[in-house]
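We use all heavy atoms of the structure for the numbers below, so side chains are in, but hydrogens, waters and symmetry mates are not. In the text below, chain A, chain B and the rest are named by the order of the sequence lines, each starting its count at 1.
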Amino acid sequence: MTVGGLIALVDCNNFYVSCERVFQPELRGKPVVVLSNNDGCVIARSNEAKALGIAMGAPWHLHRKQFEAAGVIVRSSNYTLYGDMSSRVMSVLSTFTPDLEIYSIDEAFLGLSGLGLRLESHARALRAAVLRWTGIPVSVGIAPTKTLAKVANHAAKKDQKHGGVVLLLDEAAQDDALSKIELTDLWGVAGRLAARLRAIGIDAPLDLKRGDPRLIRERLGVVTARLALELRGVRCLDLERVTPDRKSIMASRSFGRPVTALTELREAVASYTARAAEKLRRQHLATASLMVFIETNRFKPDDAQHYAAWPVRLPVATSDSARLIGAALAGLAAIWRDGCRYKKAGVVLLDLHPAGAVQEGLFDKRDDARRVMLMRTVDRLNLRFGRDTVSFAAAGRRQRPWKLQRELLSSCYTTAWDGLLRV
DNA sequence: TCTGGGGTCCTAGGACCC
DNA sequence: TCTGGGGTCCTAGGACCC
């Protein structure tokens with residue numbers, strides 16, 4: 001039943017607020033919120049602030065007067081600090097087990113095989129160590145699957161009586177925890193999916209757990225089917241011990257005020273692109289395509305609305321800031337409209353490759369697929385080459401010669417072709 | 001003489017997470 | 001005057017391949 005051992009989810013409590021409190025102890029015990037860029041909206045709340053009814057994502061300017069009158073203390077976000085605190089927390093965790101997946105800035109999954117009966121005291125020791133060495137309080141949830149570990153962690157946070165640690169080891173305990181939460185408390189269920197679940201008679205987490213897997217797969221897709229299995233204790237999501245390479249890198253910002261001048265937009269896009277390129281180089285990657293986008297204020301329906309994105313394909317993968325900025329600005333020029341009041345701009349780097357493997361022409365995936373297919377065909381079949389055609393024998397049957405469209409083959413593998421033609 | 005069908009890729013959009 | 005900034009995966013449909 002617990003094949004593969006148990007999984008712990010360690011999650012920092014109100015992480016950004018806790019980071020601020022480490023350096024400003026006077027904030028402890030008081031209602032505190034951390035605001036997003038431009039002090040736009042609430043992105044973290046202390047328990048005391050939650051108790052006042054401050055919602056996640058609440059636009060601050062709508063509530064400022066009311067909440068400040070209630071004594072709420074406000075901090076602007078400081079991502080450099082949070083990133084640094086996160087590394088400290090993760091490095092403490094890594095002293096407890098090498099079996100660690102850093103899931104987000106404030107969460108990690110830990111593999112717990114071989115701890116046996118000392119599980120709970122181990123979890124409490126871990127909690128105490130993180131608090132002692134970093135000043136950050138964490139909650140620990142332990143269960144046979146990631147999804148159930150999330151449920152356990154939710155329970156640990158919700159009820160102080162657990163002392164920050166909840167284990168859901170047997171089905172009775174799991175069902176008890178599941179009976180106390182809503183569909184949208186589950187990892188992977190938000191409003192839309194919850195509505196679709198209710199439409200087929202699944203109103204609560206336990207209904208989902210006990211639902212017909214085939215029906216769920218057919219009506220709601222593979223992700224929800226996996227979720228249902230995970231609730232049953234069947235592990236579908238494994239620990240990702242090695243952090244995979246990023247598949248995209250974005251840099252974007254909302255402006256503090258509306259921007260109409262192209263020169264100003266160019267400055268913003270150039271600086272975002274430079275930031276994205278820095279991230280790219282730090283991760284030893286290069287990009288072969290990017291997208292630039294601009295956006296007006298969607299909360300102002302009276303303004304002329306304009307959202308536009310422009311993809312730019314680069315001839316060669318690169319991490320060079322100047323080349324990327326040039327490409328992004330060319331894209332910007334193509335979409336910018338005179339007279340619009342822009343509120344946000346950004347750049348996304350796509351089609352990322354390891355920097356070391358960068359060579360012109362190697363990153364057209366389609367060409368790469370053709371080359372692989374070609375090589376496989378040569379291996380599998382008895383090929384005979386003519387000047388412009390190739391014929392082959394398969395399963396003892398003679399087949400019509402296939403016309404080769406050599407002109408379709410990109411330069412990156414004409415060498416391979418030349419080799420083949422000499423066979 | 002055979003003119004179909006299966007596979008893969010790309011893109012956009014949707015949904016979700018922190 | 002003021003409403004964040006990142007990411008991931010899945011799906012569907014069309015293009016294109018042989």
Side-chain angles (χ1 to χ4, degrees), chain A residues 9 11-12 14-16 34-44 55-65 76-77 79 82-83 86 102-108 146-147 150 184 186-197 217 220-227 237 240 243-258 272 275-276 279 289 291 293 295-300 307 309 311 313 341 343-352 364-374 376-377 381 390 392 394 397-405 408-409:
Chain A
L9 173 63
D11 191 328
C12 302
N14 313 326
F15 183 54
Y16 297 168
V34 173
L35 302 181
S36 65
N37 198 44
N38 292 326
D39 291 348
C41 59
V42 175
I43 54 171
M56 185 70 170
W60 188 241
H61 73 272
L62 292 182
H63 305 289
R64 188 172 61 84
K65 275 195 178 146
S76 298
S77 47
Y79 290 103
Y82 309 150
S86 174
I102 297 173
Y103 175 69
S104 75
I105 193 164
D106 69 338
E107 280 173 83
K146 281 183 165 180
T147 305
K150 277 272 189 183
T184 49
L186 291 171
W187 191 33
V189 182
R192 307 294 174 98
L193 181 55
R196 293 174 66 199
L197 285 164
R217 170 71 185 85
L220 299 160
V222 61
V223 178
T224 313
R226 266 202 302 254
L227 168 60
L237 307 168
E240 293 193 33
T243 312
D245 279 349
R246 285 260 167 276
K247 293 177 177 169
S248 67
I249 289 174
M250 169 154 68
S252 70
R253 279 282 179 278
S254 295
F255 307 132
R257 53 176 173 75
Y272 303 160
R275 270 220 321 269
K279 293 190 201 178
S289 86
M291 180 147 75
F293 67 89
E295 200 177 323
T296 49
N297 191 341
R298 66 181 185 283
F299 297 104
K300 289 205 164 172
Y307 170 84
R313 189 163 279 283
R341 295 156 61 80
K343 194 68 198 353
K344 182 174 180 177
V347 171
V348 191
L349 307 182
L350 304 148
D351 199 6
L352 307 184
D364 185 331
K365 284 180 188 158
R366 176 173 301 199
D367 280 349
D368 232 28
R370 284 199 196 109
R371 184 175 55 76
V372 169
M373 180 196 73
L374 191 69
R376 281 201 195 128
T377 308
L381 307 172
V390 61
F392 60 92
R397 282 183 302 141
R398 178 121 186 105
Q399 306 241 342
R400 179 181 52 162
W402 287 358
K403 283 241 181 217
L404 287 183
Q405 297 172 287
L408 285 179
L409 305 176

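At a threshold of 4.0 angstrom between heavy atoms, the contacts of A/Arg196 with the nucleic acid are absent. Note on A/Asp39: nothing from the nucleic acid sits closer than 4.0 angstrom, heavy atoms only. Residue contacts for A/Leu62: at a heavy-atom cut-off of 4.0 Å it reaches no nucleic acid atom on any strand shown. No contact: A/Ala58 has no heavy atom under 4.0 Å from any strand. Counting non-hydrogen atoms under 4.0 angstrom, A/Leu193 reaches the backbone sugars and phosphates but no base. Counting any heavy atom pair closer than 4.0 Å across all strands shown, A/Arg64 reaches no nucleic acid atom. Among the heavy atoms of the strands lying under 4.0 Å from A/Ser248 are primed sugar atoms or P, OP1, OP2 only; no base atom is included. A/Phe15 comes within contact range of no nucleotide atom at all, as no heavy-atom separation falls under 4.0 Å. Across all strands, A/Leu237 comes closer than 4.0 Å to no nucleic acid atom at all (heavy-atom distances). A/Pro244 comes within 4.0 angstrom of nothing in the nucleic acid, heavy atoms only. A/Gly57 comes within contact range of no nucleotide atom at all, as no heavy-atom separation falls under 4.0 Å.
Rounded to an integer number of Å, the gap from A/Phe299 CZ to C/dG4 C1' is 10 Å. Between the CD1 atom of A/Ile105 and the P atom of C/dG7 there is a distance of 12 Å, rounded to whole Å. Rounded to a whole Å, the CE atom of A/Met291 is 14 Å from the C1' atom of C/dG6. As rounded to whole Å, 17 Å separates atom C1' of C/dA12 from atom CG of A/Leu220. With rounding to whole Å, A/Met56 atom CE is found 13 Å from C/dG6 atom C1'. Whole-Å rounding puts the A/Leu9 CG to B/dC18 C1' distance at 12 Å. One atom, CG of A/Asp11, and another, C1' of B/dC18, lie 9 Å apart when rounded to the nearest Å. Atom CZ in A/Phe293 sits roughly 16 Å away from atom C1' in B/dG13 (whole-Å rounding).
Proximity of A/Arg253 to the phosphate of C/dG6: a side-chain N or O atom is located under 4.0 Å from OP1 or OP2. In this model, the phosphate group of C/dG5 is approached by a side-chain N or O of A/Ser254 to a distance below 4.0 Å at OP1 or OP2. Under 4.0 angstrom from either OP1 or OP2 of C/dG4 there lies no side-chain N or O belonging to A/Trp60. Remark: A/Arg257 is not in phosphate contact with C/dT1, judged by side-chain N or O atoms under 4.0 Å from OP1 or OP2. For the pair A/Ser252 and C/dG6, the criterion of a side-chain N or O lying under 4.0 Å from OP1 or OP2 is met. Side-chain N/O atoms of A/Lys300 include none lying less than 4.0 angstrom from OP1 or OP2 on C/dT1. Of the side-chain N and O atoms in A/Arg275, one or more sit less than 4.0 angstrom from OP1 or OP2 of C/dG6. Distances shown here put every side-chain N or O of A/Arg246 at or beyond 4.0 Å from the OP1 or OP2 atom of C/dG6. In terms of phosphate contacts, A/Asn38 brings no side-chain nitrogen or oxygen within less than 4.0 Å of OP1 or OP2 of C/dC2.
Remark: A/Asp11 engages A/Lys157 in a side-chain hydrogen bond (donor to acceptor under 3.5 Å, both in side chains) (not counting sequence neighbours). Partners of A/Arg246 according to the side-chain contact (heavy atoms from CB on, under 4.5 Å) rule, which considers only residues two or more places apart in sequence or in another chain, are A/Ile249, A/Gln283, A/Leu285, A/Leu352. Taking A/Arg64 as the reference, A/Trp60, A/Glu68 meet the side-chain contact (heavy atoms from CB on, under 4.5 Å) condition, with sequence neighbours excluded. The side-chain contact (heavy atoms from CB on, under 4.5 Å) check on A/Leu237 picks up A/Lys146, A/Thr147, A/Trp187, A/Arg226, A/Glu230, with sequence neighbours excluded. In this structure A/Asp39 satisfies the side-chain contact (heavy atoms from CB on, under 4.5 Å) test together with A/Leu35, A/Ser76, sequence neighbours excluded.
The side chain of A/Arg217 lies closest to C/dT11 when the candidates are B/dC18, B/dA15, C/dT11. For A/Arg192, the side-chain atoms get nearest to B/dC16 when compared with the rest of B/dC16, C/dG4, C/dC2. Across C/dC9, C/dG7, B/dC18, the shortest atom-to-atom separation from the side chain of A/Tyr103 is found for B/dC18. Considering only side-chain atoms of A/Arg226, the nucleotide from C/dC10, B/dT11, C/dG6 that sits closest is C/dC10. The side chain of A/Ile249 lies closest to C/dG7, out of B/dC17, C/dG7, C/dC2. Taking only side-chain atoms of A/His61, from C-beta outward, the nucleotide of C/dC2, C/dG7, C/dG4 with the closest atom is C/dC2. Ranking B/dC18, B/dA15, C/dG6 by closeness to the A/Lys150 side chain, first place goes to B/dC18.
The C1' atoms of C/dC16 and B/dG4 are separated by 15 Å, rounded to the nearest whole Å.
Where pairing requires Watson-Crick or G-U contacts shorter than 3.5 Å, the helical stems of DNA chain B with at least three consecutive pairs are B:5-18 with C:5-18.
Although no hydrogens or angles enter the test, the distance criterion places no donor-acceptor pair under 3.5 Å between the side chain of A/Ser36 and the main chain of A/Ile43. The backbone N or O of A/Arg253 lies less than 3.5 Å from no partner atom in the side chain of A/Asn37, so there is not a single donor-acceptor pair.
Ring geometry for A/Tyr79 versus A/Tyr16: interplanar angle over 60°, hence perpendicular rather than tilted (30 to 60°).
A distance of 7.0 Å separates OG1 of A/Thr224 from CZ of A/Arg196, quoted to the nearest 0.5 Å. The OG atom of A/Ser248 lies 11.5 Å from the CG atom of A/Asp351; values are rounded to the nearest 0.5 Å.
For the pair A/Phe255 and A/Val222, nearest-nucleotide mapping onto DNA chain C gives the more 5' position to A/Phe255. A residue-by-residue look at A/Ala251 and A/Val223 shows that A/Ala251 has its nearest nucleotide of DNA chain C further toward the 5' end.
No more than 12 heavy atoms of other residues, nucleotides or ligands sit less than 6.0 Å from atom CZ of A/Arg341.
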